[in-house]
**Student:** 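Let me begin by handing over the structure; questions about it come next.
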Amino acid sequence: MTAITDPPRADFRLGMLWTDTRYRSLTIQVIALILVLLGASYLVSNVLANLAALGKDFSFGILTGPASYDINQRLIDYTSRSSHTTAAVVGMLNTLLVAVMGCLLATVIGVVAGVLRLSNNWLISKLMTVYIETVRNIPVLIQILLLAAVFDEFLPSPRQAGADAHMLGIVATNRGFYIPGPVFGAGSVFVVAALILGIVGSVWYARHAKRVQQETGRLLPIWRVRLGLIVGLPFVVWAAIALVAGAPITLAYPELQGFNFDGGIYMRNSLVALWLALSIYTGAFIAENVRAGILSVSKGQTEAAYALGLRANRTMSLVILPQALRVIIPPLISQYLNLTKNSSLAIAVGYMDATGTLGGITLNQTGREFETLLLLMAFYLSISLTISMIMNLYNEQVKLVERTSASGTAFSFGKLFDSMTGPWDTLKKGDAAHQPNFGVASWLNLVVLLYAGMLAAELAFLFLADVPELRRAYFDWTLVQQLTFLLLVTLTLSTLLTAVFKHFRVIDLAVGTLAMWIVALLAGNPLGLMIPSLPSILVVVGCAAAQLGAIAYLVFGARPNVTYFCRVRRDG
Amino acid sequence: MSDVHAQTVAYVAPSQIPPSPPPARERGAVKWLRANLFSSISNGILTVIAILIIAYALPALVQWAFVDAVWSAGSLSECREIAAARGVEGAFACWAVINERFNQFLFGFYPEELYWRPILTFLLMFAAAAPILFNAIPRKALIGSALFPFVAYWLLWGGPAAPVILAIIGPVVGYVAFRFVEKAMHGDAGATGMVVGALAMVLWWSFVPGLVDAGPALEPVESARMGGFMLALIIGITGIAASLPFGILLALGRKSDLIFIKTLSVIFIEFIRGVPLITLLFVASSVLNYFFPPGTALDLILRVVIMATLFASAYMAEVIRGGLAALPSGQYEAADSLGLDYWKSMRLIILPQALKISIPGIVNTFIGLFKDTTLVSVIGLLDPVGIINPIRADSNWNGIVWEFYVFVGLFFWVFCFGMSRYSMYLERKLATDHR
């Protein structure tokens, strides 16, 4: 007697599309697809009809026309005769400027306020509570407008300010803030070189100290030496040159010239108001994240570290911080994202960021709402997606590895080279004992620097070098050239990001980038013009060689320490 | 066993010695001060700095805001005269401007003789919210809550009553269509019934209410005249209420097994969350009209409300997705093992629990949206922030800065702080029963 009978072979009927669960999900999706397509086509046809009624079309051509408006806070060359595209780039750089400055200051404010709120000093913790609860519950726009209005109304005019004493060389006037700026004179190149040398040396020294500690258990003084290398070395070089031939780098202080100040760095009131308000506002949120992170590490961890004989500062850096950071950093990054998005409120105080240029004056002058808003949204979206990609990579790195599952079967260049230098997974899962080159992660930083340089050159070439005699604007390229170059930039960016997070797939992306270099060359992209002062052939060959070198390093060199953030439970 | 006994030691106290009081530095205010303010040298320095800051700032603030303040005057110069007559030196708050323009801050340029309408709407809002917030009130009262949006629209914008009444019938039509589908499919309507019902309602709303213009009419008020806190509340509350159903659908879509639906939800949510609200408001002010058939010109407030709803629903979806994820998977499996279909298990088992978990997050989303309503001032709506500029431009009040922002900021602070306390209270109340 057989216990299992074949299920009756039902003939397929049309009704089964709905009643049979095997087909129903497909049916639902097809219906949804049809509905979405119908809705989309309805919207698009409405848009086309409306645009036709107004006699408009959809094209980005107008963006290469002259902008004919001034932007008084800018990082790159721009005149009112530059194109709308250049104006948009100026705005985007301004957005990034205020976002980066804001993130830095907000982190400082947030960490200080978060730690102080946990202080056992009653008065201080209450003061911080008042700051956090006040600022968090008032719309950031009001804070921005208030600061801007206060700067405009209550700061002295440059004339009056000139008579007053400057605080640390900073002059605050109702026209803007003037701060001392560095002036690079002859010989400054040596100071900069000393700085770079100091950074590289300090990375090397950290690696060396770690190896000594791994091998002998002897602790070398790390921070003092690193600080000496990074700060002391350039200072010594600066002082030496200053003694021989006069200071190579000097600070230019703002001086009153007629009705205005001259020299130093000029920041408009709107920029300062936006920067401060965003930092104070976001800082309050970051403070709460920091507090939550510190509270999330149980007191037993501190006590266990003390029981092991660790000193207070090493307990903090080796036990508490790694665990607290795991909790703090994801919400911290999303606060950075919020700050970047909130920086679009610049338009309310007249700071010319991407919203002010592309979504403001360019939109009003050209009357092309669709094109400008699409570009504007794409800009913010790409920032957001990049930041959330960083966050995902980070989360992947720090998540607790409870059970390591079998690695997938997908092809990867990393696996292809596994046969040469041993499997990635040993490194990925292992801990320090498996890795003779524990501190080698630092050398990956050089690869990161390489990719950062390449990305900067590509982006600068893509957007900034909008000089007619040098090359045509991006929108004048052929479609293939545009696409290949965008892909090249994207790939370089992805490689950079994975390298930053010491991700083992970085090699795949590096190979992809190299392939894209070749494809872009074949597609006729003017890659040779990327660094204008060098001959084309040198640029192409140099970049490709650097790319090859990076891949070779990743393949044959010591592997990146991907367990840097991972806590892995070992079997047995 | 100890070796020490009463017999072996020389002296044993015959009675208990009364406890001596703790030393003076270990009790009362002194101990509290030592423990909380001066526990170490660095703490002591911090305390002194904090006391100095407070001693400098607080009296100055009180002096500015209350002691030296001028509460009623016709212009800034009059304010200054009054202050000078009282011998005030230095800065003082001229609250007279708030006093004089108070109605504008509340209602914008709404006709003064019709102020009873927004006020009545505001009061009705509490009556409508009560059955939702408190279970003790009979469930029948929820019908009143459902009617509130229509009544509120009629009261605020005015016009004849018939279209409003016809619009009220819309959901009824949708429900009838839903029941019809349910009957036709033998009680297994699910998504089909909901889609048909929603379509019927939208069709009804788009065609029927415009047909009749009869009934008792309230004096119509244009959107351009609305402003102040009334506008902030209209946008905030409509946005959050309308975004809740969309947010639930998006969250379910994002967790769905249907790859197409999931992709659509993810793209929508990530897109909306990836761009700043201000760009969406630009879409509302300059592009949104293009998406409707030629000839329709939607009201700016309506367009802003549409975009605010889309914006909030993406954030709402993430909050509810968190609630869905926090639910133990045993609940999903239990619902499946009972033989419930997808919509029934969602409606009866999953969503009631998931929504309860997400209530604090929903309140936080509301606080965020309410703070973000200030952004509509950038596209020219006269919300509390937008109304500051015309007043600042008034020659009578030119030169006043702090008072406006302090007043508007205080209003938002009271509202948002209260809401956040309410959300924390809810969190505590709800945390007891699923641990």
Side-chain angles (χ1 to χ4, degrees), chain A residues 18 25-26 28-33 35-36 42-44 46-47 49-51 53 116 119-124 127 133-134 136-143 145-146 149-150 152-154 337 340-345 347-348 355 359 363 369-370 372-373 376-377 380-385 388, chain B residues 32 35-39 43 46-47 50-51 53-54 191 195 257-261 264 270-271 273-280 282-283 286-287 289-294 367 370-375 377-378 385 388 392 399 401-402 404-406 408-410 412-417 419-420:
Chain A
W18 188 251
S25 68
L26 197 67
I28 292 175
Q29 296 193 64
V30 169
I31 292 175
L33 178 66
L35 283 180
V36 167
Y42 173 71
L43 292 180
V44 169
N46 278 343
V47 169
N50 279 318
L51 283 181
L116 285 185
S119 148
N120 49 16
N121 188 321
W122 182 84
L123 199 61
I124 293 285
L127 262 186
E133 291 298 340
T134 310
R136 247 158 51 107
N137 286 308
I138 294 177
V140 64
L141 180 61
I142 293 181
Q143 303 181 29
L145 287 173
L146 174 63
V150 167
D152 281 347
E153 295 270 345
F154 296 127
L337 184 52
T340 311
K341 287 195 288 176
N342 279 338
S343 74
S344 59
L345 293 177
I347 195 170
T355 314
L363 187 152
E369 304 94 347
F370 270 101
T372 49
L373 283 180
L376 185 61
M377 285 181 162
Y380 281 110
L381 205 57
S382 61
I383 292 184
S384 305
L385 291 182
S388 55
Chain B
W32 187 88
N36 289 314
L37 294 182
F38 298 100
S39 60
N43 250 343
L46 277 181
T47 306
I51 289 176
I53 291 174
I54 295 173
V195 170
D257 296 330
L258 311 177
I259 187 77
F260 178 68
I261 308 274
L264 268 188
E270 291 304 325
F271 173 71
R273 278 160 42 95
V275 298
L277 177 58
I278 195 94
T279 58
L280 294 177
F282 280 154
V283 168
S286 59
V287 173
N289 260 336
Y290 286 111
F291 287 105
F292 292 96
I367 296 175
F370 190 62
K371 283 192 289 181
D372 282 344
T373 56
T374 50
L375 267 60
S377 61
V378 176
V385 177
I388 290 176
R392 269 182 79 189
V401 178
W402 286 93
F404 297 121
Y405 295 104
V406 168
V408 177
L410 197 65
F412 276 98
W413 184 82
V414 167
F415 200 94
C416 297
F417 186 71
M419 293 289 287
S420 77

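From a predicted model like this one, the values you see are computed outputs, not experimental measurements. Letters A, B, ... are given to chains in the order of the sequence lines, protein chains preceding strands, and every chain is numbered from 1.
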**Student:** Name the region of B:V378, side chain, backbone, both or neither, that has any atom closer than 4.5 Å to a heavy atom of chain A.
**Tutor:** side chain
**Student:** Given the options A:N342, A:V47, A:L146, which has more heavy-atom pairs under 4.5 Å with chain B than any of the others?
**Tutor:**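 Heavy-atom pairs under 4.5 Å are most numerous for A:L146.
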**Student:** Under a 4.5 Å heavy-atom cut-off, does chain B meet the side chain of A:A53, its backbone, both or neither?
**Tutor:** neither
**Student:** Less than 4.5 Å to any heavy atom of chain B: does that hold for the side chain of A:L381, its backbone, both, or neither?
**Tutor:**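 Both backbone and side chain of A:L381 come within 4.5 Å of chain B.
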**Student:** So for A:L26, is it side chain, backbone, both, or neither that comes closer than 4.5 Å to the heavy atoms of chain B?
**Tutor:**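 Neither; nothing under 4.5 Å.
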**Student:** What residue, out of A:D152, A:L385, A:I142, A:N50, has the most heavy-atom pairs lying under 4.5 Å from chain B?
**Tutor:** A:N50
**Student:** Relative to chain A, which segment of B:I51 carries a heavy atom at a distance below 4.5 Å: side chain, backbone, both, or neither?
**Tutor:** both
**Student:** Out of curiosity, B:F417 CZ to A:T134 OG1, how far, rounded to the nearest 0.5 Å?
**Tutor:**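 Here the rounded value is 8.5 Å.
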**Student:** Residues in side-chain contact (heavy atoms from CB on, under 4.5 Å) with A:N120, at least two apart?
**Tutor:** B:S39, B:N43
**Student:** For A:S343, which atoms come within 4.5 Å of any heavy atom of chain B: side chain, backbone, both, or neither?
**Tutor:**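 For A:S343, there is no contact with chain B at all, as no heavy atom is under 4.5 Å.
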**Student:** So A:N121 and B:L37, do their side chains get closer than 4.5 Å, heavy atoms only?
**Tutor:**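 B:L37 vs A:N121: side chains touch.
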**Student:** Please answer whether the main-chain N or O of B:F291 pairs with a side-chain N or O of A:N46 as donor and acceptor at a distance below 3.5 Å.
**Tutor:**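 Such a contact is found between A:N46 side chain and B:F291 backbone.
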**Student:** What part of A:L345 gets closer than 4.5 Å to chain B, counting heavy atoms only: side chain, backbone, both or neither?
**Tutor:** side chain
**Student:** Checking heavy atoms, do the side chain of B:F282, its backbone, both or neither come under 4.5 Å from chain A?
**Tutor:** both
**Student:** Please classify the contact of A:L145 with chain B as side chain, backbone, both or neither, using a heavy-atom distance under 4.5 Å.
**Tutor:** both
**Student:** Relative to chain B, which segment of A:I124 carries a heavy atom at a distance below 4.5 Å: side chain, backbone, both, or neither?
**Tutor:**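 Just its side chain gets close to chain B.
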**Student:** Select one option (side chain, backbone, both, neither) describing which atoms of A:E369 are under 4.5 Å from chain B's heavy atoms.
**Tutor:**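 Contact with chain B: backbone and side chain both.
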**Student:** With a 4.5 angstrom heavy-atom cut-off, could you sort out which part of A:I347 is near chain B: side chain, backbone, both or neither?
**Tutor:**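 When you check distances to chain B, only side chain atoms of A:I347 fall under 4.5 Å.
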**Student:** Considering only heavy atoms, which portion of B:F38 lies under 4.5 Å from any heavy atom of chain A: side chain, backbone, both, or neither?
**Tutor:** neither
**Student:** If every non-hydrogen atom of A:I138 is compared with every non-hydrogen atom of B:K371, which pair is closest and at what distance?
**Tutor:** C-CD, 4.1 Å
**Student:** Counting heavy-atom pairs under 4.5 Å to chain B, which of A:P139, A:S119, A:A348 comes out on top?
**Tutor:**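 Ranked by contacts with chain B, first place is A:P139.
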**Student:** Between B:Y405 and A:A149, what is the shortest heavy-atom contact and its length?
**Tutor:**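 Looking at all heavy atoms of both residues, the shortest contact is CE1-CB, 4.1 Å.
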**Student:** Hey, which of B:P293, B:S377, B:C416 has the most heavy atom pairs under 4.5 Å with chain A?
**Tutor:** B:P293
**Student:** Below 4.5 Å from any heavy atom of chain A, which atoms of B:W32 appear? Answer side chain, backbone, both or neither.
**Tutor:**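 Side chain only.
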**Student:** Between B:I278, B:I261, B:D372, which has the largest tally of heavy atom pairs under 4.5 Å with chain A?
**Tutor:**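 Maximum pair count with chain A is reached by B:I278.
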**Student:** Could you list the residues that satisfy ring pair (Phe, Tyr, Trp, His ring centres under 6.0 Å) with B:F370, not counting sequence neighbours?
**Tutor:**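 B:F370 satisfies ring pair (Phe, Tyr, Trp, His ring centres under 6.0 Å) with B:F412, B:F415 only.
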**Student:** Between A:L43 and chain B, which part of the residue has a heavy atom less than 4.5 Å away: side chain, backbone, both or neither?
**Tutor:**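 Both backbone and side chain.
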**Student:** Which atom pair, heavy atoms only, marks the closest approach of A:E133 to B:W413?
**Tutor:**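 Closest approach of A:E133 to B:W413: O-NE1, 3.0 Å.
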**Student:** Between A:Q29, A:Q143, A:R136, which shows the greatest number of heavy-atom pairs under 4.5 Å with chain B?
**Tutor:**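 Option with the greatest count: A:Q29.
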**Student:** Which of the residues B:V385, B:I259, B:L410 is involved in the greatest number of heavy-atom pairs with chain A at under 4.5 angstrom?
**Tutor:** B:I259
**Student:** Quick check on A:V140 against chain B: is it the side chain, the backbone, both or neither that has a heavy atom closer than 4.5 Å?
**Tutor:** neither
**Student:** Please name the pair of heavy atoms, one in B:R273 and one in A:K341, separated by the smallest distance, quoted to 0.1 Å.
**Tutor:** O-NZ, 2.5 Å
**Student:** Using 30° and 60° as the class boundaries, would you call the ring planes of A:F370 and B:Y290 parallel, tilted or perpendicular?
**Tutor:**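 Tilted.
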**Student:** Ignoring hydrogens, what is the shortest heavy-atom contact between A:A49 and B:P294? Give both atom names and the distance.
**Tutor:**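 Here A:A49 and B:P294 meet closest at CB-CG, 3.7 Å.
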**Student:** I'd like to check B:S286 versus A:L373 (side-chain heavy atoms, cut-off strictly below 4.5 Å). Are they in contact?
**Tutor:** yes
**Student:** Are side-chain heavy atoms of A:L123 and B:I54 found at a separation under 4.5 Å?
**Tutor:**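 The answer is yes; the side chains approach within 4.5 Å.
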**Student:** Going from CZ on B:F260 to OG on A:S25, what distance comes out if it is rounded to the nearest 0.5 angstrom?
**Tutor:** 13.5 Å
